[in-house]
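Presented below is the structure to which this report refers.
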Amino acid sequence: MVNDAELDPAVIQQVLQQLERELGVGLRGAGGAVPGWVVARLTRAIERAPATQGSLAQRLRDRRWLAQLADELRVGETRFHRDPTQWAALGSWLEQRAARGGRLRLLSAGCSTGEETWTLAMLCAELGLNAMVVGIDRSGPAIERAQSRRYPAGSEESLPARWRARYVALEDGAVTIASSLQASFIVRDLMQGPPPGSWDLILCKNVLIYFADAGTERVVAQLMAGLQSGGALVVARSDVTRLRELGLTPAPLAELSAFFAT
Ligand SMILES: C[S@@+](CC[C@H](N)C(=O)[O-])C[C@H]1O[C@@H](n2cnc3c(N)ncnc32)[C@H](O)[C@@H]1O
């Protein structure tokens, strides 16, 4: 049951402040604005909570409830080949990088259910690149889905036709990723930093919104420290304003919101 007061923007603010204070979870966009999808999800989560969990004020003091709420808010939208222009720019950058020789080490950080990581593996296959592709996310169920290589039919539609033909198959009403593609997946919280080793590329798209400012600074610093010399941290276009507010300036490379390690 929910009462009108719980849907009030002031209450939404109160819940967000508590999430930030207790768990360091920030869900604000550029300029501190709360994105519409956050308000919608928060409202749904509050509406669904059974009355036995007590009043909202009681729940806000319950760290377990807050942690559940944070998990629900974190599992975000994703899709194959999200932002095609950025993928095209990334392909050119990876080809240049590969010219140095050796095996590329590519990380998809905050990979959700793996569509981004598999897209990266497809891009490397298309370009004939020798690459190790790894996806990490703090959500165990999301990583299990990624490892299963199976997605709902229709999810492949955002892929270019040629990639659809080469890298996915429709089996038993589901989309399966071709066994010729390799990627590994690890459950890992980005607050621990990237997995050890130095990376040529870290994709961290649509993830930084989940951290409060101090958390974002820490996570970005750790990701930058995890890059090889000349390696790139690539974020979503929508993340750039937020990072600029933290004093970071992306490299001026067309269509690629990239921050390069020196
Ligand atoms: C909106 S999805 C983005 C997926 C993909 N990067 C994309 O752009 O399509 C955000 C993902 O970030 C993950 N995430 C949030 N906070 C995280 C953290 N502290 N450590 C690792 N992953 C996190 C969530 O579990 C979710 O799967």
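Note: hydrogens, waters and symmetry copies are ignored here, and every other heavy atom, side chains too, is used. Both ligands and their constituent atoms are indexed starting at 1 by order of listing.
Of the N and O atoms on the side chains of Thr113 and Glu115, at least one donor lies less than 3.5 Å from an acceptor on the other residue. Between the side chains of Arg97 and Gln228, at least one donor N or O sits under 3.5 Å from an acceptor N or O.
Residue contact check: Lys205 has heavy atoms under 4.0 Å from atoms 3 (C), 5 (C), 6 (N), 7 (C), 8 (O) of ligand 1. In the vicinity of Ser112, heavy-atom distances shorter than 4.0 Å reach the ligand 1 atoms 4 (C), 27 (O). Listed by atom number, the atoms of ligand 1 under 4.0 Å from Thr78 heavy atoms are 4 (C), 5 (C), 7 (C), 9 (O). Residue Phe211 has at least one heavy-atom neighbour below 4.0 Å for each of these atoms of ligand 1: 18 (C), 19 (N). Near Arg188, with a cut-off below 4.0 Å to any heavy atom, the atoms of ligand 1 are 20 (N), 21 (C).
A donor-acceptor contact shorter than 3.5 Å links the side chain of Trp199 to the backbone of Pro195. At least one donor-acceptor pair under 3.5 Å links the side chain of Arg164 to the backbone N or O of Leu159. Ser112 places no side-chain N or O within 3.5 Å of a backbone atom of Gly114 that could act as its donor or acceptor partner.
Ring planes of His81 and Trp87: parallel class, angle under 30° (limits at 30 and 60°).
Heavy atoms from both the backbone and the side chain of Arg138 come within less than 4.0 Å of ligand 1. Residue contacts with ligand 1 for Arg82 involve side-chain atoms from C-beta outward but no N, CA, C or O (heavy atoms, distance under 4.0 Å). Neither the backbone nor the side chain of Glu115 comes within 4.0 Å of ligand 1, counting heavy atoms alone.
Looking at ligand 1, you won't find any N or O of Val207 less than 3.5 Å from one of its N or O atoms. Where the criterion is an N or O separation shorter than 3.5 Å, residue side chain and backbone included, Asp137 meets it with respect to ligand 1. Of the polar atoms of Tyr210, none of the N or O atoms is found under 3.5 Å from an N or O of ligand 1, judged by distance alone. Residue Cys111 has no N or O atom closer than 3.5 Å to an N or O atom of ligand 1. Taking distance alone, with nitrogen or oxygen atoms compared against 3.5 Å, Arg79 stays at or beyond that limit from ligand 1.
The side chain to side chain contact (heavy atoms under 4.5 Å, CB included) check on Glu217 picks up Leu246, with sequence neighbours excluded.
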I'd like a table of donor-acceptor pairs (distance under 3.5 Å, sequence neighbours excluded) in which one partner is a side-chain atom from residues 127-135, with atom names and distances.
residue	atom	partner	partner atom	Å
Asn130	OD1	Arg103	NE	3.3

